[in-house]
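Worksheet: one structure, shown below.
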2 protein chains.
Amino acid sequence: MSYQQLHQHFLKISHFNHLDAICSWDQAAVMPDGGNDARGAAMAELSVLIHQLTTAPQLVDWIAAAETETLDAQQTVSLTAIKRRWQQANQLPEDLVMAQSLANSTCEHAWREQRKNNDWQGFKTNLAKVVELAREEAKIRAAGTSLSRYDAMLDLYEPGMNCEKLDVLFGEVKTWLPEFIQRAADIQARKTFIMPQGPFAIAQQKELGMAVMQLLGFDFTHGRLDVSAHPFCGGVPTDVRITTRYDESDFMKALFGVIHETGHARYEQNLPTQWAGLPVGEARSMGVHESQSLFFEMQLARSPEFTKLLVPMAAKLLGREQDVAFTEANLYAVNTRMKRDFIRVDADELTYPAHVILRYEIERALIEGDIEIDDIPALWNEKMQAYLGLSTEGNYRNGCMQDIHWAGGSFGYFPSYTLGAMYAAQEFAAADRAIPQLREKIAAGNLSELFQWLKDNIWAKGSLLSTDELMTAATGEPLNARYFKAHLERRYLSAE
Amino acid sequence: MSYQQLHQHFLKISHFNHLDAICSWDQAAVMPDGGNDARGAAMAELSVLIHQLTTAPQLVDWIAAAETETLDAQQTVSLTAIKRRWQQANQLPEDLVMAQSLANSTCEHAWREQRKNNDWQGFKTNLAKVVELAREEAKIRAAGTSLSRYDAMLDLYEPGMNCEKLDVLFGEVKTWLPEFIQRAADIQARKTFIMPQGPFAIAQQKELGMAVMQLLGFDFTHGRLDVSAHPFCGGVPTDVRITTRYDESDFMKALFGVIHETGHARYEQNLPTQWAGLPVGEARSMGVHESQSLFFEMQLARSPEFTKLLVPMAAKLLGREQDVAFTEANLYAVNTRMKRDFIRVDADELTYPAHVILRYEIERALIEGDIEIDDIPALWNEKMQAYLGLSTEGNYRNGCMQDIHWAGGSFGYFPSYTLGAMYAAQEFAAADRAIPQLREKIAAGNLSELFQWLKDNIWAKGSLLSTDELMTAATGEPLNARYFKAHLERRYLSAE
């Protein structure tokens with residue numbers, strides 16, 4: 001049966017993806033510097049192999065034959081996911097892939113120094129090539145579909161999402177966000193809080209992180225916590241590797257980073273095992289993945305109820321039981337501070353959407369050819385002024401040169417962050433309706449029903465449903481941004 | 001040029017070997033238990049790929065063509081090494097490889113429990129299949145060569161070595177070893193020593209191990225020290241991973257283990273970079289590899305001169321500057337204790353050869369078909385009585401069931417351990433002749449000339465020379481066991 005051949009072939013590919021995931025983790029978390037060149041060569045060889053397997057000539061016939069075979073409903077969805085993976089790999093001509101790999105890595109590599117030097121002139125020269133090739137990619141991916149060029153890129157990360165829907169979602173957010181931020185700032189200005197003072201020993205921070213992971217149900221027989229310069233969730237579902245970085249002056253950076261990655265990790269650890277290794281057994285989308293990390297970090301862990309749990313744990317494990325900063329009210333205030341600032345990755349959940357919408361609007365216009373690279377700095381400044389009241393004039397470093405995404409050729413990824421925040425709020429609201437006394441249970445540390453809800457409704461579904469179907473089955477409706485707004489109102493506009 | 005095609009093909013294989021090495025390290029050092037099944041499947045897939053690449057049909061023609069091409073002297077040696085690797089992979093029919101893989105892993109897996117239960121009857125049932133297939137392998141490998149069946153197995157680990165030479169080397173050792181051990185025991189019985197008392201904190205032991213690695217020239221930009229149940233040296237030359245295990249009651253186990261693995265590591269870290277990834281650029285043999293670990297552990301680190309360096313470091317880093325056990329004379333005595341005992345892996349350098357010769361004699365007869373499995377326990381007991389004066393009657397657990405090698409189908413490996421000890425003694429003697437005041441330099445911590453000698457004479461040679469050529473170039477003659485005996489006499493029969 002051709003479907004079975006495809007099934008076996010994609011399991012084989014997943015074995016090589018497994019090795020890639022582990023060696024990537026190793027490279028980021030433990031590899032000594034001197035190992036990098038040989039590792040790079042070895043991993044490039046593996047990438048070539050995986051690409052060859054994903055575009056193997058026999059797949060054309062197998063897919064055609066499998067489409068005529070009698071399959072059950074789940075196999076049919078699995079076949080669609082396989083075909084999608086195969087098409088994505090086959091769409092691009094090899095010379096474009098090579099040219100992109102070269103241009104993106106050149107731009108990304110130079111960006112590290114150029115950003116430090118605020119060197120927009122240098123950066124834009126490299127970026128021109130990256131954008132030229134990304135436009136070419138978008139054109140090829142859109143050809144023969146009803147998608148616009150940017151839609152085609154977006155679809156890589158968030159299948160089923162498109163500009164039409166995004167414009168509605170983000171457009172609505174834009175109508176209230178700037179004023180909302182101002183009101184939240186005013187309320188916050190009337191509150192006082194005490195910032196916990198370091199140093200916080202790394203060993204104690206790690207112990208706290210592990211204790212919170214345990215509380216959050218992370219399965220340590222199928223995963224680990226380590227350190228890396230840029231925190232991530234990697235590995236494979238049977239062995240999920242999350243990382244963090246410690247700052248001795250601020251224990252909350254690592255703690256909430258660990259909680260965030262634990263959300264990603266629990267999704268991976270609870271994907272449907274019967275579909276392990278196949279595209280249909282993977283997480284639904286980048287946005288849904290982000291919804292799990294933000295569910296854990298923003299919906300759950302920054303809530304007043306979870307703060308009740310967290311404060312005594314943190315005080316005990318950090319040796320701060322006598323510290324006046326370690327009260328529920330104070331740490332809740334600290335953990336829900338809002339600050340208009342330049343840098344997306346450091347932004348709080350309230351200002352974060354402004355950063356994302358700004359990038360979405362600019363990168364979409366760039367890929368569609370409506371603007372050119374030279375237009376970026378002025379647009380960036382204009383939008384930062386409008387959304388956050390900040391000027392980035394001449395400040396490229398903390399403006400359009402702050403992120404690695406465009407330098408690395410990743411256009412269409414940014415919206416996932418805010419979609420994730422919206423999905424998370426909607427999911428939490430549904431769980432809150434489904435589980436009696438949820439907030440009391442959280443405060444008491446009884447989290448099992450909440451995790452069971454996530455497992456049943458999100459994790460165990462893998463990619464068996466489309467995102468709309470998944471959200472509808474879990475929450476009663478497709479994505480609706482009102483839950484996100486309601487969440488922000490409750491947290492930032494009430495006197496909580 | 002066909003040689004160039006082979007060169008590129010084997011570099012490609014080395015990239016996959018790189019991934020295999022890192023994922024194997026990961027499995028032993030950091031992987032959580034629950035990751036094992038999926039990892040096993042992924043690594044099996046990689047093994048199949050590496051075997052396919054090493055036996056790719058085009059290699060027949062490329063090798064034949066390359067043999068007619070004009071190559072320089074080093075390329076000629078490289079081609080021979082490539083051909084050897086290719087032949088070894090091609091010799092065995094695939095069904096034999098599969099049958100062995102199954103039989104060996106079944107036997108090894110069951111052995112873990114059977115050993116605990118002293119269950120020889122259970123063990124020998126599985127071992128029968130392993131031996132049957134190993135005999136088949138040996139027969140195939142020997143066919144068309146002048147080698148005996150056991151020689152053909154030995155040649156896998158120690159190219160150029162054979163039973164004729166081993167009988168001379170080991171036969172001579174047997175003439176003096178039992179009496180030597182008795183004399184050493186008598187001398188030792190008249191000495192006193194104080195065993196350092198634990199606990200020794202693991203963090204301090206690790207710091208000491210790292211400090212000694214630094215002193216021994218380990219390059220931390222190209223390697224790491226970690227923990228695993230069974231210490232080993234893994235990774236790749238640009239990123240060497242050594243492991244140890246800590247015993248809080250005895251810091252010397254981990255310390256000398258680390259020193260041993262550092263010897264392996266420095267060999268790997270200093271292999272010829274211009275041949276990186278090719279068979280000719282790899283370490284010469286298992287015996288020569290072991291000679292480097294034993295050079296570091298036995299020749300260098302257990303010497304009275306190195307003890308002078310070690311004692312203040314250990315006393316300081318372990319917080320034992322006031323401990324009466326931490327004197328040069330006492331720790332030297334502790335580190336050169338000799339004890340006749342059952343277990344090879346715990347044996348000192350003086351009794352170790354007895355363990356190895358015993359196994360050589362039995363496994364050789366077994367592979368050649370001169371004895372059967374039922375003969376092993378009695379032979380083991382007889383030889384342990386003769387060499388070490390110990391009875392293993394009925395004690396299978398600490399007798400013929402103590403090692404994993406036979407259960408795993410590794411016949412022909414054991415001699416490498418004692419060959420390594422012999423090479424090491426001969427190498428040290430040559431370095432001692434070549435470097436003025438070597439022992440004074442060691443005592444003063446000036447080790448650079450010694451390491452340069454090893455680099456020039458052993459490490460940087462890779463597999464460019466045969467073992468005989470290597471030893472002759474480095475020491476003036478092929479392997480000669482008299483250096484090993486002289487070393488043991490100086491250390492165990494003098495009043496040092």
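Residue numbering restarts at 1 for every chain, and letters A, B, ... go by the order of the sequence lines. Nothing here was measured: the structure is a model prediction, and the numbers come from that model.
Separation of atoms CG (B/Leu49) and CG (A/Leu46) is listed at 9.0 Å; rounding is to 0.5 Å. Atom CE of A/Met43 is separated from atom NE2 of B/His18 by 8.5 Å, given to the nearest 0.5 angstrom.
With hydrogens and angles disregarded, no donor-acceptor distance shorter than 3.5 Å links the side chain of A/Arg224 to the backbone of B/Met31. A donor-acceptor pair is defined here as one N or O able to donate and one able to accept, closer than 3.5 Å; no such pair exists between the side chain of B/His15 and the backbone of A/Glu45.
The local environment of CD in B/Gln274 is crowded, with over 12 non-hydrogen atoms from other residues, nucleotides or ligands closer than 6.0 Å. Counting heavy atoms of neighbouring residues, nucleotides and ligands inside a 6.0 Å radius, atom CE of A/Met1 exceeds 12 of them.
For B/Cys23 against A/Cys23, the heavy-atom pair with the smallest separation is SG-SG, 3.7 Å. When all heavy atoms of A/Asp239 and B/Gly35 are compared, the pair lying nearest together is CB-CA, 4.1 Å.
Looking at B/Phe16, the atoms closer than 4.5 Å to chain A (heavy atoms on both sides) all sit in the side chain, from C-beta outward. Residue contact with chain B, scored on non-hydrogen atoms closer than 4.5 Å, involves the backbone and the side chain of A/Val30 alike. Both the backbone and the side chain of B/Arg39 come within less than 4.5 Å of a heavy atom in chain A. Contact of B/Ile22 with chain A is made through the side chain alone, with heavy-atom distances under 4.5 Å. With a threshold of 4.5 angstrom between heavy atoms, B/Val240 does not approach chain A through any atom at all.
Using a cutoff of 4.0 Å between basic side-chain nitrogens and carboxylate oxygens, A/Asp26 and B/Arg241 are scored as salt-bridged.
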